[in-house]
Amino acid sequence: FDQVVRLCRVHNLHSALIYVYNRGLGDYITPLDVLLEKVAAADSEAGRTGDGANAALTRTGSAASSSERMNLPSAAAMARAGGEMSLREECGYKILLYLSYVLAGREFPRGQIAASERTRVCGEVLGHLFAWGAEDE
């Protein structure tokens, strides 16, 4: 299990990481934390490059230009066009997608969360999200 998780993290296989944690451990919080930490790390790195809060890192770690950050199409359209999302944008998109699935009672990327688990999972995810920002205060 640890080897699979490590490979998913190293190679930015976010969907696979979510699936492994959700199905393997019934853990819906850790994948969210991993993605939120990646967004925070990208913001931090952008601050060190001097581009400020609007800078973004690509998957390879290079800074994205202003035009690359503006008016971005969906992830699917980017993939079809051969474009590349920044790691920050990709993680942000994945967070929103993941939350929409979990809060609707669906498993990511497909299936349904067991009816007996839906309330617990939604409560844990929402509670964790609201507590995430409060930890810094």
Side-chain angles (χ1 to χ4, degrees):
F1 181 82
D2 291 336
Q3 181 80 7
V4 171
V5 169
R6 187 178 66 73
L7 288 171
C8 289
R9 285 182 185 227
V10 168
H11 296 288
N12 293 321
L13 302 172
H14 305 117
S15 295
L17 184 71
I18 291 169
Y19 182 82
V20 166
Y21 272 105
N22 290 178
R23 293 291 245 177
L25 297 176
D27 181 354
Y28 291 81
I29 302 299
T30 302
L32 189 56
D33 281 344
V34 169
L35 293 169
L36 288 168
E37 288 168 5
K38 285 192 178 234
V39 169
D43 284 344
S44 175
E45 180 65 27
R48 284 196 296 274
T49 62
D51 290 339
N54 292 327
L57 296 178
T58 63
R59 286 175 151 275
T60 58
S62 62
S65 70
S66 297
S67 62
E68 290 172 323
R69 291 188 305 270
M70 299 171 68
N71 301 320
L72 290 172
S74 70
M78 292 280 290
R80 284 192 304 271
E84 185 174 316
M85 271 186 165
S86 71
L87 182 58
R88 180 178 185 267
E89 292 161 341
E90 181 183 329
C91 289
Y93 174 78
K94 195 68 67 167
I95 288 168
L96 294 175
L97 186 61
Y98 179 63
L99 288 174
S100 73
Y101 270 69
V102 170
L103 297 177
R106 299 184 326 206
E107 285 210 340
F108 186 86
R110 66 182 122 185
Q112 297 291 320
I113 297 173
S116 60
E117 294 291 308
R118 284 185 193 141
T119 302
R120 177 191 64 81
V121 169
C122 288
E124 284 179 4
V125 168
L126 286 173
H128 187 71
L129 278 175
F130 289 122
W132 197 71
E135 292 172 359
D136 297 334
E137 296 175 9

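Values below: every heavy atom of this structure, side chains too, minus hydrogens, waters and symmetry copies. Numbers for residues simply follow the sequence, beginning at 1.
The backbone N or O of L87 sits nowhere less than 3.5 Å from a side-chain atom of N12 that would complete a donor-acceptor pair. Counting only distance, with no hydrogens or angles, the side chain of R106 and the backbone of Q112 share no donor-acceptor pair below 3.5 Å.
The hydrophobic cluster containing L17 also includes F1, V4, V5, V20, Y21, L25, V34, under a criterion of side-chain heavy atoms closer than 4.5 Å among ILVMFWY residues, counted directly or through chains of members.
Note: I95 CD1 to L36 CG = 4.0 Å, rounded to the nearest 0.5 Å. I18 contributes atom CD1, which lies 6.0 Å from atom OH of Y98 (distance to the nearest 0.5 angstrom). With rounding to the nearest 0.5 Å, the separation of CG in D43 from CZ in R88 is 4.0 Å. Note that SG of C91 and CE of M85 are 10.5 Å apart. Values are rounded to the nearest 0.5 Å. Rounded to the nearest 0.5 angstrom, L99 CG and C122 SG are separated by 10.0 Å.
Not a single ring-ring contact (aromatic ring centres under 6.0 Å, His included) links Y19 to another residue, sequence neighbours left out.
For the 3.5 Å distance criterion, the side chains of D33 and T30 fail to qualify, holding no donor opposite an acceptor. No side-chain donor from either of E117 and Y28 sits under 3.5 Å from a side-chain acceptor of the other.
The hydrophobic clustering, which links ILVMFWY residues whose side-chain heavy atoms are closer than 4.5 Å, places L96 and I113 apart.
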*asked:* As a quick check of understanding, evaluate side chain to side chain contact (heavy atoms under 4.5 Å, CB included) for L7 and L13, giving each step before the final call.
replied: CA-CA 8 Å; L7 288 171; L13 302 172; 5.7 Å; no
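V102 has its side chain out of reach of F108: every pair of non-hydrogen atoms, C-beta onward, lies at least 4.5 Å apart. Side-chain contact check for V121 versus N22: every heavy-atom pair is 4.5 Å or farther apart.
Note on E90 versus K94: no salt bridge recorded, every NZ/NE/NH1/NH2 to OD/OE distance being 4.0 Å or above.
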